[in-house]
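None of these values were measured; they are calculated from a predicted model.
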Amino acid sequence: MSSQSPSSPLPQSLVLLGAGKMGGAMLEGWLRIGMNPAGISLIDPHPSDEMVGLAAAKGMALNPDPASLRAVDVLVLATKPQMLDTAAPAVQALIRPETLLISILAGKTLSDLAARLPNANAMIRAMPNLPASVQRGATGAAAGSGVTSAQRAMADALLRSIGTVEWLEDEGLIDAVTAVSGSGPAYVFHLVECLAAAGKAAGLPADIAERLARATIEGAGELLHQSPLSPATLRQNVTSPAGTTAAGLSVLMGPLEPLVVETVAAAKRRAGELSG
């Protein structure tokens with residue numbers, strides 16, 4: 001794809017602070033939809049070899065002199081939440097009056113950010129997830145009062161380029177987003193592990209069990225993506241009365257929902273503990 005035009009809502013200059021797995025996933029999405037790599041600067045004290053190579057190949061600045069970053073349209077804060085206090089002075093120095101700050105730090109509220117980054121006039125708190133790297137992310141976002149309509153459109157373009165975006169009027173719901181879609185891919189990956197282990201226990205060779213489990217989750221997810229039917233209807237369509245699926249669901253459906261509710265509650269609780 002070609003780089004964005006001057007009229008594009010994508011920013012002309014963006015600084016990504018924290019190029020780890022999540023920051024890197026977002027970066028891949030932005031590059032895929034055509035953001036100009038020359039306008040992207042990466043700041044990470046310990047970049048992976050892969051990120052070093054990507055920056056060199058695409059012509060992105062890696063750990064540039066902060067003095068050279070005089071006009072920053074968007075600053076994306078993607079460090080570990082525990083690193084906010086350490087990173088705050090460097091972030092503060094990069095923020096200009098026109099800079100939009102987008103934070104994906106789990107548990108860190110807009111108030112937390114404002115207390116540490118008083119230069120920030122416009123802040124958005126967002127929680128994407130790892131499938132952003134393949135443009136199938138799910139993001140919840142909440143905008144602070146200082147965000148202009150143009151800045152929100154810019155953030156929406158960035159976030160929507162990596163998947164679905166749900167804008168929340170209540171920032172307090174972000175912790176729930178973190179627990180459901182932010183952490184959710186790990187739950188699904190673990191389901192694949194469990195299904196593969198169950199297939200092996202049922203007598204399948206381990207490699208075949210894993211391939212079947214993986215393909216099953218991939219296919220079910222794609223069917224869910226393409227079908228207008230509800231998850232409940234799709235489940236019912238697979239389940240013949242008194243058949244094999246019904247027998248399996250008779251075991252699974254009782255404990256699964258309360259277990260998932262407890263799982264999400266634990267993740268939400270931890271997101272709250274990371275605030276402050």
Side-chain angles (χ1 to χ4, degrees), residues 1 4 8-10 21-35 76 78 102 104 106 124-142 152-169 173-199 208-240 243-246 248-249 252-253 256-257 259-261 263-264 267-268 271:
M1 290 186 180
Q4 72 271 20
S8 168
L10 291 175
K21 290 183 179 179
M22 191 64 251
M26 296 178 72
L27 175 63
E28 289 178 19
W30 300 333
L31 292 174
R32 189 176 290 111
I33 56 93
M35 186 171 174
V76 178
I102 301 176
I104 65 166
I124 287 175
R125 185 180 172 198
M127 180 49 58
N129 62 5
L130 194 59
S133 62
V134 291
Q135 293 180 283
R136 291 290 295 273
T139 302
R152 175 162 165 157
M154 188 183 298
D156 189 75
L158 285 173
L159 297 173
R160 203 166 294 281
S161 74
I162 53 174
T164 298
V165 182
E166 297 290 343
W167 285 95
L168 309 170
E169 295 301 321
L173 295 174
I174 290 284
D175 285 351
V177 170
T178 302
V180 173
S181 56
S183 300
Y187 312 153
V188 175
F189 299 150
H190 186 53
L191 175 60
V192 176
E193 293 179 288
C194 292
L195 194 56
I208 293 177
E210 181 171 339
R211 288 196 295 270
L212 286 173
R214 181 170 182 150
T216 297
I217 300 301
E218 290 171 351
E222 186 60 27
L223 178 59
L224 189 65
H225 176 63
Q226 293 191 25
S227 175
L229 300 176
S230 70
T233 299
L234 290 171
R235 170 179 55 77
Q236 291 161 2
N237 288 348
V238 179
T239 309
S240 301
T244 59
T245 305
L249 286 175
L252 185 65
M253 289 186 69
L256 184 60
E257 183 172 344
L259 182 60
V260 173
V261 169
T263 297
V264 169
K268 181 183 176 184

Given 3.5 Å as the limit, does a donor-acceptor pair link the side chain of [X] with the main chain of [Y], or not?
{"X": "Ser183", "Y": "Thr178", "value": "yes"}
{"X": "Arg32", "Y": "Ser133", "value": "yes"}
{"X": "Trp30", "Y": "Ser161", "value": "no"}

Scan for salt bridge (Lys or Arg N to Asp or Glu O under 4.0 Å) pairs involving residues 227-239, sequence neighbours excluded, and state none if there are none. none
Atom of [X], atom of [Y] and distance for their closest heavy-atom approach:
{"X": "Ser227", "Y": "Leu234", "result": "OG-CD2, 3.7 Å"}
{"X": "Ala271", "Y": "Asp175", "result": "CB-OD1, 3.6 Å"}
{"X": "Asn129", "Y": "Gly137", "result": "OD1-CA, 3.2 Å"}
{"X": "Gln135", "Y": "Ile33", "result": "NE2-CG2, 2.8 Å"}
{"X": "Ala78", "Y": "Gly23", "result": "CB-CA, 4.1 Å"}
{"X": "Ala267", "Y": "Tyr187", "result": "CB-OH, 3.5 Å"}

Rounded to the nearest 0.5 Å, how far apart are [atom1] of [X] and [atom2] of [Y]?
{"X": "Thr263", "Y": "Leu259", "atom1": "OG1", "atom2": "CG", "result": "4.5 Å"}
{"X": "Thr139", "Y": "Arg160", "atom1": "OG1", "atom2": "CZ", "result": "9.5 Å"}
{"X": "Gln236", "Y": "Leu249", "atom1": "CD", "atom2": "CG", "result": "10.5 Å"}
{"X": "Ile217", "Y": "Leu195", "atom1": "CD1", "atom2": "CG", "result": "6.0 Å"}
{"X": "Leu158", "Y": "Ile102", "atom1": "CG", "atom2": "CD1", "result": "5.5 Å"}

Taking the side chain as every heavy atom from C-beta outward, state whether [X] and [Y] have any pair of such atoms under 4.5 Å apart.
{"X": "Met26", "Y": "Leu159", "answer": "yes"}
{"X": "Ser240", "Y": "Thr245", "answer": "no"}
{"X": "Ile104", "Y": "Met22", "answer": "yes"}
{"X": "Pro9", "Y": "Asp156", "answer": "no"}

So does Glu166 have more than 12 non-hydrogen atoms from other groups sitting under 6.0 Å from CD?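 No, CD of Glu166 has 12 or fewer neighbouring heavy atoms, counting only those of other groups under 6.0 Å.
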Take atom CD of Glu28 as the centre, draw a 6.0 Å sphere, and report whether it contains more than 12 heavy atoms from other residues, nucleotides or ligands.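 Counting neighbours around CD of Glu28, more than 12 heavy atoms of other residues, nucleotides or ligands fall under 6.0 Å, so yes.
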Side chains of His190 and Glu193: is there a donor and an acceptor less than 3.5 Å apart?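 A donor-acceptor contact under 3.5 Å links the two side chains.
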